[in-house]
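Structure record follows, encoded as structure tokens.
Labels below follow one simple rule: chain letters A, B, ... track the order of the sequence lines, proteins then strands, and each chain is numbered from 1. Owing to the predicted nature of the structure, the values given are computational and were not obtained by experimental measurement. What you see below is based on every heavy atom in this structure, not just the backbone, and it leaves out hydrogens, waters and symmetry mates.
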Amino acid sequence: MNFEESLRISVRAIRGHRLRSFLTVLGVAIGVAAVITFVTLGASLQADVLGEVAGDRTPSMAVSAGPADAAPGPSGPRQAVFTERDVEEIQALDGVAAVVPSGDVPVAGLAFEGQTLGYNQLTASTPAFFDYRTAAEFSAGGPYAQGAAELVLNEPAADLFEVNVSVGDRVAVVRPDGTRVNATVVGLLAASDSPFGGFAIPRVYVPTDPFYETRLESPNSGTQQRVYPTLTVVAEDFQRVGAVREGVLAYLDGESDARQLKPESYEFRAQTAEDVVDQIRSLLDTFTAFVTGIAVISLVVGSIGIANVMLVSVTERTREIGIMKAVGAQNRDVLQLFLVEATLLGVVGALAGIVLGILGAVAATRYAALPLTFPYEWAGIAVLVGLLVGVVAGLYPAWNAARTDPIDALRYE
Amino acid sequence: MSDATDAVVLEGVSKTYQLGDQPVAALGGVSMRLPRGSYTAVMGPSGSGKSTLMNLVGCLDTPTSGRVVVDGQDVAALSDRERTRLRGREIGFVFQTFNLMPRLTAAENVALPMVFQGVSAAERELRARQLLDRVGLAERANHRPRELSGGQRQRVAIARALANDPALLLADEPTGNLDSATGRAIMSQFADLHRAGNTVLVVTHERPIAEHADRIVHLLDGELERVETIDEPRRPHAGDTQ
């Protein structure tokens with residue numbers, strides 16, 4: 001019996017039970033639609049988040065020292081161990097475009113126009129800091145100069161005072177011991193949206209000279225030097241990021257000051273933007289897999305529906321099976337007939353599911369204000385899954401039908 | 001012993017069923033020959049082994065002992081697939097309850113046995129129309145069984161039985177579900193087919209039906225009681241009663 005023939009007979013059988021067939025198809029369709037919706041939602045979320053994180057990347061890495069077992073990332077504990085000598089040595093490494101040290105300056109507060117606000121730390125770095133910082137757009141003014149009593153505020157920080165701070169104003173930095181240092185505001189940074197929500201923390205940026213006073217004796221040179229907890233190392237281009245990373249870590253683990261200044265249990269890390277993106281991606285992948293897993297359950301339920309309907313159908317058509325066998329149908333003809341019917345239900349369900357799933361994905365991404373990123377390969381996978389679901393769910397009922405004894409089947413009422 | 005002129009030969013055929021752990025002998029050593037072109041009736045009360053005999057001759061079952069030879073082939077020696085193939089080609093079934101496929105049209109029902117023999121769609125279509133014409137149902141070809149009367153359904157079943165030009169037409173109580181006038185019309189179809197050279201075996205418990213045959217094989221308790229030859233069988237012509 002050829003395929004065309006069994007398809008024709010199967011279509012008749014399916015149309016013979018419209019409501020039942022519709023409900024069965026609906027079960028599979030909902031399963032496939034759920035999978036497509038959630039996978040699309042996951043892909044869209046990922047594209048959105050990674051697009052912001054990786055938007056205008058620089059070939060840079062954040063170098064720090066922290067406990068070996070601490071989670072990597074900007075929030076882990078870290079020690080100021082990188083001396084000015086280390087900065088110079090790394091600067092001299094092959095492929096390094098720039099080394100931007102940064103560290104925190106503890107303060108008691110900020111004063112402006114007679115108003116004093118409690119504030120606990122400034123971010124000290126070099127002017128180059130603003131060249132390599134993503135989303136560091138000056139809304140007014142520009143970067144500070146090294147050795148000058150100048151500072152840069154981001155907009156949330158400028159808004160802290162009753163009178164808004166603008167470029168040219170003088171703000172007093174109150175040190176922990178109560179002494180005041182007057183500094184000129186030279187730049188304002190536009191508030192950048194954090195990829196994880198709308199909040200932006202007020203930040204104040206100052207040059208390391210004269211503000212940064214964390215000093216230690218450099219073990220190699222024997223002189224008092226500024227020591228920094230974080231170095232941003234910028235490679236000349238993206239191709240060299242890996243090599244630069246190797247070089248920096250090799251230097252640090254060798255004759256660096258930092259190796260001697262860090263606790264034995266601490267390790268050096270050089271985290272590239274790629275690493276951060278990978279971390280976020282794996283986090284989102286886990287999330288997507290979890291939600292998709294739930295959707296797959298509904299697909300399994302749908303396939304059980306097919307199996308159930310096919311079993312009922314085989315029982316109902318026992319007599320027809322007997323007739324077909326009496327007039328010469330082979331076991332495989334009967335098997336094929338029921339398998340084609342189950343597969344047809346699965347495939348129609350999957351096709352309907354794709355349409356429903358796309359609609360669901362469009363609605364969900366619109367609701368969550370995400371850019372729609374449709375994973376096209378999943379449409380193909382969904383059809384394959386529908387096919388597979390139909391075959392697997394139909395296999396046992398079809399096998400049952402095929403091995404029916406024609407004598408019993410013809411006697412069946 | 002089997003002759004090339006015999007459509008079916010049974011040699012000492014026994015069939016024992018296992019009912020729980022109790023063996024039940026349904027047929028005990030039956031021998032008979034159905035020569036090509038013959039018209040035979042099998043009669044007997046219920047439990048006499050009629051159904052078992054029909055299943056064996058129809059290649060639906062294999063004997064516990066003895067030989068069933070259909071169209072020169074020993075049924076017991078065949079694999080399940082070969083037996084199904086032989087059945088499809090050489091046996092045309094006509095059942096008491098018609099047993100048509102409810103969702104297929106009359107023409108599709110007639111064509112069904114040809115589907116399983118791999119006959120092309122065009123050829124099937126043509127032959128199905130010819131066969132329906134032969135049983136006088138050409139104009140009902142595209143109707144579903146539920147749109148047909150009992151007699152019409154049985155005629156569709158007869159046309160289907162002829163689809164692969166079988167060696168034997170095997171009818172099991174073909175008039176059992178029909179009123180007597182319709183029953184007579186069906187029997188005249190068989191008479192016509194017999195005249196056209198078909199081999200016919202009718203299983204029945206109604207004497208008037210059995211008298212259409214050349215001879216009546218009487219079964220009792222699974223054994224061949226006697227073979228009765230009918231001197232003047234009833235041979236109505238199709239069209240005598242419609």
Toward chain B, the part of A:N331 with a non-hydrogen atom under 4.5 Å: side chain

In terms of heavy-atom proximity below 4.5 Å to chain B, should A:Q330 be classed as side chain, backbone, both, or neither? both

I need the contact set between [range] and chain B: heavy-atom distance under 4.5 Å, sorted by residue number.
| range | result |
| --- | --- |
| residues 388-408 of chain A | A:P406, A:I407 |
| residues 11-24 of chain A | A:R12, A:A13, A:G16, A:H17 |
| residues 311-328 of chain A | A:R317, A:R319, A:E320, A:I323, A:M324, A:K325, A:A326, A:V327, A:G328 |

Could you have a look at B:A161, B:A163, B:P102 and say which one has the most heavy-atom pairs with chain A under 4.5 angstrom? B:P102

Counting heavy-atom pairs under 4.5 Å to chain A, which of B:Q117, B:R160, B:R83, B:M114 comes out on top? B:R160

Within 6.0 Å of [atom1] in [X], more than 12 heavy atoms from elsewhere:
| X | atom1 | answer |
| --- | --- | --- |
| B:R129 | CZ | yes |
| A:E377 | CD | yes |
| B:Y17 | OH | yes |

Under 4.5 Å heavy-atom distance to chain A, tell me which part of [X] shows up: side chain, backbone, both or neither.
| X | result |
| --- | --- |
| B:R89 | neither |
| B:N55 | side chain |
| B:L86 | neither |

Kindly write out the residues that satisfy side-chain contact (heavy atoms from CB on, under 4.5 Å) with B:R140, not counting sequence neighbours, or none if the list is empty. B:L137, B:H143, B:L148, B:Q152

Report the distance from atom CG of A:N2 to atom OG of B:S120, rounding to the nearest 0.5 Å. 10.5 Å

Rounded to the nearest 0.5 Å, what's the gap from CD on B:E108 to CD1 on A:I9? Could you check? 8.0 Å

